[in-house]
2 protein chains.
Amino acid sequence: MGRVTIKDVAKQAGVSLGAVSQALSPNPNSTIKVGDATVMKVRKAADKLGFRPHAGAKSVRSNKFHNVGFFVAKKGVLDRPPEGYLMGVSDAAQKRGYRIVLVGMENGQGQYQNVVPSLLREKNLDALVVASHHHLSAVIHDELENMNLPVVYVNDKHESNSAWVDDYNGARMMTDYLIERGASSVVFAMRLHSDNQKIEDMHYSAEMRIDGYKAAMQAAGLEADIRTVVMGETLEFNQRIPDDWLFGGGKELPDAIFAYDDDLANSIAKIMYRKNIRIPEDIAIAGYNGAYASLCAWRPLTTMRIPSYEMGYAALELALKIIEDSGRKECPSIKFRPELVIGESTR
Amino acid sequence: MGRVTIKDVAKQAGVSLGAVSQALSPNPNSTIKVGDATVMKVRKAADKLGFRPHAGAKSVRSNKFHNVGFFVAKKGVLDRPPEGYLMGVSDAAQKRGYRIVLVGMENGQGQYQNVVPSLLREKNLDALVVASHHHLSAVIHDELENMNLPVVYVNDKHESNSAWVDDYNGARMMTDYLIERGASSVVFAMRLHSDNQKIEDMHYSAEMRIDGYKAAMQAAGLEADIRTVVMGETLEFNQRIPDDWLFGGGKELPDAIFAYDDDLANSIAKIMYRKNIRIPEDIAIAGYNGAYASLCAWRPLTTMRIPSYEMGYAALELALKIIEDSGRKECPSIKFRPELVIGESTR
DNA sequence: CTGTTAGCGCTTTCAT
DNA sequence: ATGAAAGCGCTAACAG
């Protein structure tokens, strides 16, 4: 039993080839119109024969794939939140009859080698959603421009074609909250990937979060206190931060620590716990991102939840808008608002 | 500037069409052989023109897609661990030049409507990896059989073509550990999706974990105590379990609770915390799965870690074995061992 | 609506 | 190695 083709269906249904094509995947611009009766007849025949259209063959003529790539500009991404982006992208795609194709970063020996992964070397996608957690996305951006492939960004801020979060206000709200709850010394903690990494080279959210934090501190008449630690590119759950990073050696314990993200917040909280400093009684700790891990833990973290599912969903819809209006190249970016989720790591 | 095809490359390189085809994607069985010099020349021309082969066109002749589907037989999966399966699958695929295509469950109004999602109705995949967390996979199994699509299971136990975990020994080890650490009353807690759900209708791991737990209790001369609670299909992080489920109304607080999975363990721990029962001083709580959330939390959970990345990786390799040995239909299933990860929810 | 035909981009065969 | 040509499954254009 070879493969069942449209030809077999036509024979079985007793109609023409073109009729089958139109019955199964109608095109309003087609010169050939099929009636409901024919459609039914064709469907029945197709079902009986177990016909499944060959996606590749379709794409050859139409040059449409109904595939959208999901590119993660980060190593080892899928093992950690927020994977809500992917879920949103996937649901939106499925609803519109598109498939999501995973495109991973290629990396050898901890270095990004081929910036454009080999999977993109084949023509197989109608568009690409880039989920950025990394300054690297800037490099990719240029490389992709030449490929004539519409690109949409999720969790990255660009002039157009992106879904991003208003982290300035997010950080401001979090800092305000900590101050309101009684903190007068609030440290903003973040990690760097290397000794001399500049804020400008980091993800856009770094600058926004710092600015939001500073603004809130200034408005309250408090002094901003930003502390950084140099760590590897990813923060493994067993990777330790030096115990004396935040205090010790003369430094005082602040009332609250606002960490750049939940990973860092959890790591800091672990240090405190080891030192028998009680959370939230002795110190308040807040994170950012609203990672699943922070929310469902038996001792949930106070965090700013990013609407990652909605952002992924919106990003895919942006991508489809561009694909389907074949003239248009750009759509305005969409701003999302984060939401304060109060856990048990603050009072 | 239309699309750059193999024809343009041939012209640019000054060689024949067939030569380009062979130079760029060599086939040992081809009658036409190209030398290294030609290959170089062709590659250079292709690079210069920005040539990207059309995946669809390739697939028409060869009937190979270099796509493997990843099917999640569960609603809203990608938002929660263990997503390590997907990462393993994705890495293994990338290494071998395959793409991962996400195939979601279609569900309307909380009911599974079309068991085989529409994305599978097109011929587009060489194989499918089914990640099962659900008895539903049995239904899918039958439906897929007719499709002539090799199917491999991850986190499900079948005679062949599956990567599964030895949960019997996992549960046994966990129970032994709890007993060793001083517990004499250990409750095994699990949830049911409906009032009259039978263990046999659940995921294979339910029975294995129960049996492992029972065996350990019996070996220690203790009485098994299994308690179930009826909940929705998914356990949201804000979904509450009745506070009096495990104790109250005459029931005594056990020394330890071994929960079917980390989600449930976290929920139980939250109840305890609300009731001012100290963990681990007053009661020990253990989970299962080794979800990222459990491991990276600032108060990590004691859990059995499933090697989900490795399982996903292995499952994909099984799939490729079947794809590439076009004769073979089955490979022996692979058993994985879970690993005890001691957190701070037990002594 | 039908039947026929061209053609998408690529692989493969055939004769040279 | 070449150039020519067939064919994969499908869509789309053509005249009826």
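Quantities reported herein were computed from a predicted structural model and do not represent experimental measurements. Chain letters run A, B, ... following the sequence lines, proteins first and then strands; every chain starts at 1.
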Quick one: which of [options] gets closest to the side chain of [X]?
X: R61(B); options: dT2(C), dT11(C), dC8(C); answer: dT11(C)
X: H54(A); options: dG9(C), dT4(C), dG9(D); answer: dG9(D)
X: T31(A); options: dT11(D), dC14(D), dG9(D); answer: dC14(D)
X: R3(A); options: dA6(C), dT12(C), dC8(D); answer: dC8(D)
X: T5(B); options: dT11(D), dG9(D), dC10(C); answer: dC10(C)
X: P53(A); options: dT2(C), dC10(D), dT11(C); answer: dC10(D)
X: A57(A); options: dT12(C), dC10(D), dT2(C); answer: dC10(D)

Round to a whole Å and report the spacing from [atom1] of [X] to [atom2] of [N].
X: K33(A); N: dT2(C); atom1: NZ; atom2: P; answer: 14 Å
X: I6(A); N: dC8(C); atom1: CD1; atom2: C1'; answer: 15 Å
X: K11(A); N: dG9(D); atom1: NZ; atom2: C1'; answer: 15 Å
X: I32(A); N: dA12(D); atom1: CD1; atom2: P; answer: 11 Å
X: E122(A); N: dC10(C); atom1: CD; atom2: P; answer: 10 Å
X: K7(A); N: dG3(C); atom1: NZ; atom2: P; answer: 13 Å
X: N27(A); N: dA13(D); atom1: CG; atom2: P; answer: 8 Å
X: L17(B); N: dA15(C); atom1: CG; atom2: P; answer: 19 Å

Is the distance from OP1 or OP2 of [N] to the nearest side-chain N or O of [X] less than 4.0 Å?
X: S25(A); N: dC10(D); answer: no
X: Q22(B); N: dT12(C); answer: yes
X: S21(A); N: dT11(D); answer: yes

Straight-line distance of S333(B) OG to D156(B) CG, nearest 0.5 Å: 9.5 Å

Calculate, to the nearest 0.5 Å, the distance between atoms NZ and OG belonging to K7(A) and S16(A) respectively. 13.0 Å

Salt bridge check: are R96(B) and E324(B) linked by an N-O gap of less than 4.0 Å? yes

State, yes or no, whether a side-chain contact exists between L128(A) and F70(A) at a heavy-atom distance under 4.5 Å. no

Need one value for T38(A): base, sugar-phosphate or nothing, where a base atom within 4.0 Å counts as base even if backbone is also close, heavy atoms only. sugar-phosphate

Looking at every strand, decide which applies to G18(B) at a 4.0 Å heavy-atom threshold: base, sugar-phosphate, or nothing. base

Between the side chains of H54(A) and N124(B), is a donor N or O closer than 3.5 angstrom to an acceptor N or O? no

